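None of the values given here were measured: they were computed from a predicted structure. Whatever order the structure lists them in is the order used to number ligands and atoms, beginning at 1.
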Amino acid sequence: MSDSGIEQAPPGVDPTVPSPARIYDYILGGTANYAADRAVAEGLRQAMPDMVDTAWANRGFLQRSVKWLAEHGIRQFVDIGAGLPTGNNTHDAAHAVAPDARILYADNDPLVEIHATALLEGVPGTAVLTADFRDPETLLEHAKTRTMIDFAQPVALLLVTVPHFVPDEDDPWGLVQQYMSRLVPGSYLVLSSVTTDRRVDDTINDIKGLFTSSSAGGVHPRSRAEIERFFIGLEIVPPYQGAPSELCYFGEWGAEDPEAADSEGSRWGYCAVARKPG
Ligand SMILES: C[S@@+](CC[C@H](N)C(=O)[O-])C[C@H]1O[C@@H](n2cnc3c(N)ncnc32)[C@H](O)[C@@H]1O
């Protein structure tokens with residue numbers, strides 16, 4: 001989307017307020033972004049020169065974990081904070097293994113629904129809606145959700161680089177528990193979040209400053225212990241062969257060679273896949 005496209009921003013989309021979805025789109029090389037988004041992304045590049053590596057390490061986690069889940073029999077995916085469409089989306093990864101898999105995409109940025117609706121036209125087993133993670137009732141009771149997802153069967157709930165857009169005051173841990181309480185045993189949580197570990201305060205403050213003017217209102221990187229709390233009551237899957245059942249850095253999850261997959265960019269966040277027992 002060029003700057004001249006600002007005037008053509010769809011109804012409900014304010015191109016002057018940077019949005020996490022569009023900032024991320026720019027970092028991944030997409031074109032669904034505006035000057036305000038690119039300015040934040042370029043500021044981020046200054047603060048974290050590895051940002052492109054970080055974003056792709058996280059995308060790799062999403063793609064490998066969805067493939068793994070499909071290979072382990074999961075046929076339903078609820079991808080909250082799905083972001084603007086890029087290559088090898090959740091439905092691509094799932095359908096490559098299980099063409100009958102059903103994927104519900106949700107995001108609170110209305111541009112996501114507009115772009116994804118066009119992309120998903122004619123793709124069976126997919127739906128997209130505009131909804132906020134912080135409002136589980138509306139998201140789970142939405143007609144598209146009820147049509148697409150059978151809550152009597154296992155579901156994979158995806159919250160991939162989303163929790164850090166939710167402040168402590170909104171209790172993201174309690175929200176994750178609310179969602180998981182609605183899913184049957186054998187369901188999974190797939191979650192990644194940006195961390196403050198191993199980083200200097202100045203860098204963290206620069207990054208936080210860049211997001212204050214965004215539609216998210218801020219960003220909330222967390223410690224490993226805080227991110228681990230999302231998985232309380234769940235069984236974490238070993239992230240790669242021979243690994244303990246613990247969180248790992250983005251790039252390591254499902255890696256054939258975890259040492260080679262380890263990079264400075266990848267260490268900007270922790271992730272895990274965990275099963276609801278019972
Ligand atoms: C960094 S992108 C991640 C996209 C994708 N999940 C991935 O990891 O590749 C974060 C996404 O979360 C969305 N988001 C942030 N807060 C949200 C909320 N409260 N409810 C729904 N979506 C949210 C943003 O609009 C953005 O699309």
query = Where does the angle between the aromatic ring planes of H91 and Y105 fall among parallel (under 30°), tilted (30 to 60°) and perpendicular (over 60°)?
reply = perpendicular
request  = Pull out every atom of ligand 1 sitting under 4.0 Å from any heavy atom of V162, numbered as shown with elements.
outcome  = 12 (O)
query = Does A82 reach ligand 1, in the sense of a heavy atom lying below 4.0 Å from it?
reply = yes
ask   = If you measure from each non-hydrogen atom of L158 to ligand 1, which part falls under 4.0 Å: side chain, backbone, both or neither?
value = neither
For V160, atoms of ligand 1 separated by under 4.0 Å from a heavy atom = 3 (C), 5 (C), 6 (N), 7 (C), 8 (O)
message = When you compare ligand 1 with D109, is there at least one nitrogen or oxygen pair between them that comes in under 3.5 angstrom?
response = no
task = Identify which of L159, L62, T161 has a heavy atom lying nearest to atom 1 (C) of ligand 1.
result = T161
message = Please list the nearest protein heavy atom to atom 19 (N) of ligand 1 with its residue and the distance rounded to 0.1 Å.
response = D132 OD1, 2.9 Å
ask   = Do any nitrogen or oxygen atoms of D107 lie less than 3.5 angstrom from nitrogen or oxygen atoms of ligand 1?
value = yes
request  = Say whether A131 and ligand 1 are in contact under the criterion: heavy-atom distance to a ligand atom below 4.0 Å.
outcome  = yes
query = Among protein heavy atoms, which sits nearest to atom 21 (C) of ligand 1, and what does the distance come to when rounded to 0.1 Å?
reply = N108 N, 3.3 Å
request  = Look up atom CG in L157 and atom OH in Y188, then write down how far apart they are to the nearest 0.5 Å.
outcome  = 14.0 Å
inquiry  = Using 0.5 Å steps for rounding, measure from the OG1 atom of T145 to the CZ atom of F151.
reply    = 6.0 Å
inquiry  = Below 3.5 Å, N or O to N or O, backbone or side chain included: is there any such pair between G81 and ligand 1?
reply    = yes
ask   = Could E42 and R38 be called an ion pair, given the rule that one side-chain N must be under 4.0 Å from one carboxylate O?
value = no
ask   = Does an N or O from L84, backbone or side chain, lie closer than 3.5 Å to an N or O of ligand 1?
value = no
request  = Return yes if a side-chain donor-acceptor contact under 3.5 Å exists between D197 and Y270, otherwise no.
outcome  = yes
Polar contact flag for F133 and ligand 1 (N/O pairs, less than 3.5 Å) = yes
inquiry  = Checking a contact table here: which protein heavy atom is nearest atom 2 (S) of ligand 1, and how many Å away?
reply    = Y24 CD2, 3.6 Å
